[in-house]
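What follows is a single structure, written as structure tokens, with notes after it.
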Amino acid sequence: MTKGLYIKTYGCQMNVYDSARMADLLAPLGYGDVAQPEAADLIILNTCHIREKASEKVFSELGRLRHFKEQAAADGRQMLLAVAGCVAQAEGEEIVRRAPQVDMVFGPQTYHRLPELVARATEHGERGLVDTDFPVDSKFDSLPEEHLGDEASAFLSIQEGCDKFCTFCVVPYTRGAEFSRPVTAIVAEAESLARRGVREVTLLGQNVNAYHGEGPDGRTWGLGRLLRRLAEIEGLERLRYTTSHPRDVDDELIAAHRDEPRIMPFLHLPVQSGSDRILEVMNRKHTADFYYRVVDQLRTAQPDLALSSDFIVGFPGERDEDFADTLKLVTDIGFTQAYSFKYSPRPGTPAADIAEQVPADVASERLATLQNLLNEQQMAFNRALVGRRMPILLERPGKYEGQLIGRSPYMTSVVVEAPSRLIGQLVDADIHEAHANSLSGSVVTREPGDGMSPAAASGEAESETRATA
Ligand code: 5AD
Ligand code: SF4
């Protein structure tokens with residue numbers, strides 16, 4: 001008998017990956033996705049603790065779900081409610097105290113035990129189960145092969161946790177110490193993805209370029225070496241990785257960007273602030289100048305590299321001149337996209353205890369100023385792509401009939417008119433128009449015999465045409 005599973009995911013790509021793996025773990029127990037929480041037998045909230053707003057959302061959602069659970073009980077149906085992810089890790093028992101309707105709480109390092117927890121709840125009627133260990137054995141050894149649909153692009157988790165301890169950040173506490181999966185396990189997973197039609201893999205880790213996994217030669221491999229190995233896998237046309245720390249960009253990684261065309265020319269490299277004084281208090285372990293130098297080296301290696309970043313404004317003690325340094329860094333470097341946030345004090349982190357907090361209205365004003373600048377840069381970058389021809393990986397249907405959405409090498413979404421059978425294909429597209437968050441273009445049909453486009457493979461048109469359904 002199939003049972004309904006509803007997973008709601010908050011936060012980062014790591015959580016998206018973890019949620020998919022939870023579904024994989026539960027499939028053999030008869031759980032299949034349902035579209036609405038009301039229809040579910042098991043609801044999992046995979047949560048994020050990074051900022052206060054993200055955390056609080058969980059408790060308001062739990063309030064809403066309590067009604068569904070009560071309704072299910074009134075209908076004589078058992079509905080289980082689980083909280084997973086970083087709020088689960090940080091709050092543990094407290095969640096069950098605050099929200100007694102929650103049956104299970106488990107962290108990012110223990111979700112491989114989910115089948116056991118579900119069995120305890122369904123077969124033995126146990127409630128309020130909390131599992132927030134940091135087990136010695138890696139959960140990766142107990143995860144089944146991932147289920148795939150027709151995805152052209154997939155995430156692959158290679159590293160977890162963080163040893164950097166930036167003073168604003170909960171990650172080292174919720175995700176634990178750095179851990180890198182061995183190279184052979186990663187290569188096997190990537191080969192399996194490629195065999196099943198995946199063209200692009202994004203390697204994931206909280207601090208992915210701190211990767212230092214055991215290689216098949218018994219030595220420790222860094223990310224640069226791992227990327228080169230993955231680039232040898234047939235069918236994997238595109239490699240990406242996220243999220244990186246400037247301190248962990250080493251020569252090997254820079255050289256991989258130089259030599260390996262499958263490493264896409266886009267890098268998310270958070271800097272957080274342009275002020276050395278603030279970077280110091282943030283314990284970022286780098287200066288603004290260090291960031292400039294790393295970017296210079298990367299751009300020398302891969303000249304069309306597009307950069308993205310994260311910024312925090314209103315960090316305790318941030319003065320006007322510190323914020324001006326951030327604006328200067330943004331102007332100097334030029335980002336193609338970026339995420340910016342108002343500082344949010346997180347309990348248990350050192351920065352939350354700094355007395356000199358920035359008033360909320362000042363932080364809001366700075367955020368608006370920074371976001372304007374970043375939006376202008378993004379728009380300018382998108383406009384500069386108009387008239388260019390570039391490879392697009394077609395990923396999913398667009399908003400309107402006959403449209404598909406793909407990604408440029410620089411991560412920009414590109415809307416084209418194309419038949420849905422092209423989903424999963426890498427095609428060339430001419431870019432015609434730039435918008436704030438996307439581009440529009442048309443698919444180029446290549447010369448017959450070049451083996452790239454399906455139109456060419458079937459001996460169709462030779463010159464440029466707009467592909468239609
Ligand atoms: N307040 C605001 N932003 C934060 N981030 C992490 N912790 C906080 C916090 N306490 C931001 C950083 C990080 C991104 C994932 O979230 O910019 O890079
Ligand atoms: Fe958090 Fe990133 Fe700093 Fe690690 S490097 S503590 S994950 S902000």
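In this chain, numbering begins with 1 at the start of the sequence shown. FYI, side chains are in, hydrogens and waters are out, and symmetry mates aren't considered; it's all heavy atoms of this structure. Read the numbers this way: they start at 1 and go in the same order the structure lists the ligands and their atoms.
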In terms of residue, atom name and distance, what is the protein heavy atom nearest to [atom]?
atom	result
atom 2 (Fe) of ligand 2	Arg284 NH1, 4.4 Å
atom 9 (C) of ligand 1	Ser344 O, 3.5 Å
atom 4 (Fe) of ligand 2	Cys162 SG, 2.2 Å
atom 18 (O) of ligand 1	Asp310 OD2, 2.6 Å
atom 2 (C) of ligand 1	Lys342 O, 3.4 Å

Worksheet item: So how far is it from Leu129 CG to Arg120 CZ, rounded to the nearest 0.5 Å?
Response: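 The CZ atom of Arg120 is 4.5 Å from CG of Leu129, to the nearest 0.5 Å.
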Fill in: His257 and Tyr241 aromatic centres sub-6.0 Å
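When the ring centroids of His257 and Tyr241 are compared, they turn out to be within the sub-6.0 Å range.
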Worksheet item: Ring centroid separation for Phe311 and Phe335, is it under 6.0 angstrom?
Response: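 Close enough - the centres of the two rings lie under 6.0 Å apart.
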Any donor-acceptor pair under 3.5 Å linking the side chain of [X] with the backbone of [Y]?
X	Y	result
Thr412	Ser438	no
Arg240	Pro409	yes
Tyr211	Arg181	yes

Discussion item. Closer than 4.0 Å to some heavy atom of Arg51 - which atoms of ligand 1 meet that?
Written reply: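 Checking each atom against Arg51, I get 1 (N), 2 (C), 3 (N), 4 (C), 5 (N), 11 (C), 16 (O).
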Worksheet item: Which atoms from ligand 1 have a heavy atom of Ile50 less than 4.0 Å away?
Response: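 In order of number, 5 (N), 6 (C), 7 (N), 8 (C), 9 (C), 10 (N), 16 (O).
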Worksheet item: Looking only at heavy atoms, which two atoms of Ala88 and Val83 are closest? And how far apart?
Response: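 That would be CB-O, 3.4 Å.
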Discussion item. Phe168 versus ligand 1: do any nitrogen or oxygen atoms come within less than 3.5 Å of each other?
Written reply: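 Yes - when backbone and side-chain N and O of Phe168 are compared with those of ligand 1, one distance drops under 3.5 Å.
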Worksheet item: Is the shortest N/O to N/O distance between Arg346 and ligand 1 below 3.5 Å?
Response: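 No, there is no polar N/O contact under 3.5 Å.
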Discussion item. As a test of understanding, state which of Leu393, Ile392, Asn382 forms a side-chain contact (heavy atoms from CB on, under 4.5 Å) with Ser408.
Written reply: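 Looking at Leu393, Ile392, Asn382, the match for Ser408 under the side-chain contact (heavy atoms from CB on, under 4.5 Å) is Ile392.
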Which of the atoms of ligand 2 are close to [X], meaning less than 4.0 Å from one of its heavy atoms?
X	answer
Phe168	8 (S)
His245	5 (S)
Phe165	6 (S)
Cys166	3 (Fe), 5 (S), 6 (S), 8 (S)
Lys164	4 (Fe), 5 (S)

Practice prompt. Assess Cys169: does it contribute an N, O or S atom lying under 2.8 Å from atom 3 (Fe) of ligand 2?
Written response: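 So Cys169 does not bind atom 3 (Fe) of ligand 2 by this criterion.
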Practice prompt. Identify whether NZ of Lys or CZ of Arg in Arg113 sits under 6.0 Å from the centre of the six-membered ring of Phe106 and within 45° of that ring's axis.
Written response: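 No - Arg113 does not lie over the ring of Phe106 by the 6.0 Å and 45° rule.
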Worksheet item: In terms of side-chain geometry, is the basic nitrogen of Glu321 or Arg277 positioned less than 4.0 Å from the acidic oxygen of its partner?
Response: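 No, this pair does not count.
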Worksheet item: Hey, mind stepping through Phe315 and Phe323 against ring pair (Phe, Tyr, Trp, His ring centres under 6.0 Å) and telling me if it holds?
Response: CA-CA 10 Å; Phe315 186 79; Phe323 180 60; over 10 Å; no
Discussion item. Minimum distance, heavy atoms only, to atom 12 (C) of ligand 1: which one of Gln272, Met282, His49 is it?
Written reply: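 Answer by nearest heavy atom: Gln272.
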Worksheet item: Side chain, backbone, both or neither: which part of Pro172 comes within less than 4.0 Å of ligand 2 when only heavy atoms are counted?
Response: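 Within the 4.0 Å criterion, Pro172 contacts ligand 2 through side-chain atoms alone.
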